[in-house]
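Keep in mind that the numbers below use all heavy atoms, side chains included, and drop hydrogens, waters and symmetry copies. All values reported here derive from a predicted model rather than from experimental measurement.
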Amino acid sequence: PMIPLPRLVFALAVSLSLATTGVAAEKLKRGDDAPAPPTDVVWVKQIDNKPPASSVPTVVEFWATWCGPCIRGIPHLSKLQEKYGADRLAIIGVTAPDQQQTEKDIRRFVQKQGSRMNYWVAIDEDNSIHNNFMKAAGQQGIPCAFIIGREGRIQFIGHPASREFDEVLDKVVRGRYDHKSFEKAKGHLRALARAREVKNWEEYDRLSSQIIE
């Protein structure tokens, strides 16, 4: 799992406490710790017949067999998985049986795709993964992807066909991006621009060092 089970138990306890006190929980967003996936995932497809490593950046993408944009995006996700390799990235396609697709339909679809769909695929039988990610983040449309860094924080939420998705993913895989750190540095970046405008080079150097750190 990307996050230890004790953290999941703690998160559930906090959620229950908020519910009983009438306090609304904040939406899941970039920079937040990623929800822990259930330990009893139903895998439809695995690379090398192994579950994804918990120590590498992960993409959790929600899709369905009846979703045209989802199907069109499959080759792109497969190319990204091949580009970075299973030792550097794990892409997991997550879907669930519904009125338009049964578990048998999902398995048949994935099998028919063959090497065209060359990344991990899981069935969300009880919608727990959907609730922990999509519902918690207030996301309704698919395809929708969550990029999770090595440290277990969400670095991106959005469409996997967007340019931003590719850009953020590349930086995350290379260890060159952390949304929480970037947000923290925004104030320093503004101050750095001001120091440059007034040619205060001593302040400029000081702020530059802090930003790099």
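- Annotation for K45: atom NZ counts as buried by contact number, over 12 foreign heavy atoms lying within 6.0 Å.
- Judged by distance alone, with hydrogens and angles left aside, the side-chain atoms of Q101 form a donor-acceptor pair with the main-chain N or O of A96 at under 3.5 Å.
- Expressed to the nearest 0.5 Å, how far CD1 of I147 lies from CD of E164 amounts to 8.5 Å.
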Show me the donor-acceptor pairs, under 3.5 Å and distance only, between side chains in residues 113-122 and residues at least two apart or in other chains.
residue, atom, partner, partner atom, Å
Q113, OE1, R116, NH1, 2.5
W120, NE1, K50, O, 2.7

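- In this structure E103 satisfies the salt bridge (Lys or Arg N to Asp or Glu O under 4.0 Å) test together with R107, sequence neighbours excluded.
- The structure places NE2 of H159 at 9.0 Å from CD of E61, a figure rounded to the nearest 0.5 Å.
- Between the CD1 atom in I91 and the CG atom in L77 there is a gap of 5.0 Å [rounded to 0.5 Å].
- Scanning both residues, P52 and I92, for their nearest heavy atoms gives CG-CD1, 3.7 Å.
- Remark: W201 pairs with Y204 by the ring pair (Phe, Tyr, Trp, His ring centres under 6.0 Å) rule, at least two apart or across chains.
- Listed by first and then second residue, the ring-ring contact (aromatic ring centres under 6.0 Å, His included) pairs that reach into residues 91-112 are W63-F109, sequence neighbours excluded.
- For Q100, the CD atom is densely surrounded, since the number of other residues' heavy atoms within 6.0 Å is greater than 12.
- Between the CD1 atom in I154 and the CZ atom in F146 there is a gap of 6.0 Å [rounded to 0.5 Å].
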Distance-only check: which donor-acceptor pairs under 3.5 Å involve side-chain atoms of residues 193-200, not counting sequence neighbours?
residue, atom, partner, partner atom, Å
N200, OD1, E203, N, 3.2

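- Partners of E167 under the side chain to side chain donor-acceptor pair (under 3.5 Å) rule, at least two apart in sequence or in another chain, do not exist in this structure.
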Worksheet item: Between V59 and L89, is a side-chain contact (heavy atoms from CB on, under 4.5 Å) present by the stated rule, with each step listed?
Response: CA-CA 8 Å; V59 173; L89 173 69; 4.2 Å; yes
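- Atom-to-atom distance recorded for H130:NE2 and D98:CG is 10.0 Å, nearest 0.5 angstrom.
- Checked against disulfide (SG to SG under 2.5 Å), C144 has no partners two or more places apart in sequence or in another chain.
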Item to complete: With side-chain contact (heavy atoms from CB on, under 4.5 Å) as the test, would you mind laying out the steps for W43 and N49 before giving the verdict?
Response: CA-CA 10 Å; W43 294 110; N49 294 316; over 6 Å; no
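- Looking only at distances, a side-chain donor or acceptor of D105 sits under 3.5 Å from a matching main-chain atom of T102.
- Here the side chain of R150 pairs a donor or acceptor atom with the backbone of V173 at under 3.5 angstrom.
- Using a 4.5 Å heavy-atom cutoff, the side chains of R88 and P57 are not in contact.
- Here side chain to side chain donor-acceptor pair (under 3.5 Å) pairs that include residues 69-82, with residues two or more places apart or in two chains, are H76-D166.
- By the 4.5 Å heavy-atom criterion applied to side chains, L28 and Q139 are not counted as neighbours.
- In this view, Y84 satisfies the ring pair (Phe, Tyr, Trp, His ring centres under 6.0 Å) rule with no residue, not counting sequence neighbours.
- Here the closest heavy-atom approach between residue P51 and residue Q46 is recorded as N-OE1, 2.8 Å.
- Every ring pair (Phe, Tyr, Trp, His ring centres under 6.0 Å) that F156 has, sequence neighbours left out, goes to F165.
- Annotation: salt bridge (Lys or Arg N to Asp or Glu O under 4.0 Å) contacts of D205 (sequence neighbours excluded): none.
- Distance CZ/R174 to CG/L169: 10.5 Å, rounded to 0.5 Å.
- Pairs passing the disulfide (SG to SG under 2.5 Å) check and including a residue from residues 64-111, sequence neighbours excluded, read C67-C70.
- Side-chain N or O atoms of D124 include one that pairs as donor or acceptor with a backbone N or O of I129 at under 3.5 Å.
- Taking the side chain as every heavy atom from C-beta outward, V94 and F133 never approach each other to under 4.5 Å.
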